[in-house]
Undergrad: 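My questions all concern the structure below.
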Amino acid sequence: AYFRSGFLRAAFRSFRRALIANPHHITARLFAGKLLLHQGRMRGLQALLDTAPADVLDDESIRAMAAEFHDEMKNSNIWLY
């Protein structure tokens, strides 16, 4: 509800709480990642992907988001390491 209403900070907090309760929650991880990507928060998105369980990383939508992240990183001057 927060996400659709434009309350992005509240939405992100809600997604984080969902991931704390269930790290395998694909929808929460996907929407949290999309928020981070949209806001240009690449370090946060990297951390979100790095902490994802293997079964979550196998999800097609998560793989697409990870590919979008890697494309964005290639096209920017941001270095995370």
Undergrad: Under the side chain to side chain donor-acceptor pair (under 3.5 Å) rule, collect the residues that match up with Asp55, sequence neighbours excluded.
TA: His24
Undergrad: Got a second to check how far Leu49's CG is from Met65's CE, nearest 0.5 Å?
TA: 5.0 Å
Undergrad: Give, for atom CD1 of Ile62 and atom CG of Leu48, the distance between the pair rounded to the nearest 0.5 Å.
TA: 7.5 Å
Undergrad: Can you tell me how far the CZ atom of Phe69 sits from the CD atom of Gln46, to the nearest 0.5 Å?
TA: 4.0 Å
Undergrad: Taking the side chain as everything from C-beta on, heavy atoms only, tell me whether Ser61 gets closer than 4.5 Å to Ile26.
TA: yes
Undergrad: Quick check: closest heavy atoms across Val56 and Pro23, and the distance to 0.1 Å?
TA: CG2-O, 3.9 Å
Undergrad: Measure the CG-CZ distance between Leu45 and Arg29 for me, rounded to the nearest 0.5 Å.
TA: 10.5 Å
Undergrad: What residues form a side-chain contact (heavy atoms from CB on, under 4.5 Å) with Ala28, not counting sequence neighbours?
TA: Phe15, Ala18, Leu19, His25
Undergrad: Between Met42 and Leu36, does the side chain to side chain contact (heavy atoms under 4.5 Å, CB included) criterion hold? Intermediate values first, please.
TA: CA-CA 7 Å; Met42 297 303 153; Leu36 292 168; over 6 Å; no
Undergrad: Should we say atom CZ of Arg63 is surrounded by more than 12 heavy atoms from elsewhere, each under 6.0 Å from it?
TA: yes
Undergrad: Considering residues at least two apart in sequence or located in another chain, which fulfil the side chain to side chain donor-acceptor pair (under 3.5 Å) criterion with Arg41?
TA: Gln39
Undergrad: Determine whether Leu35 and Phe31 make a side-chain contact, defined as any pair of heavy atoms from C-beta on separated by less than 4.5 Å.
TA: no
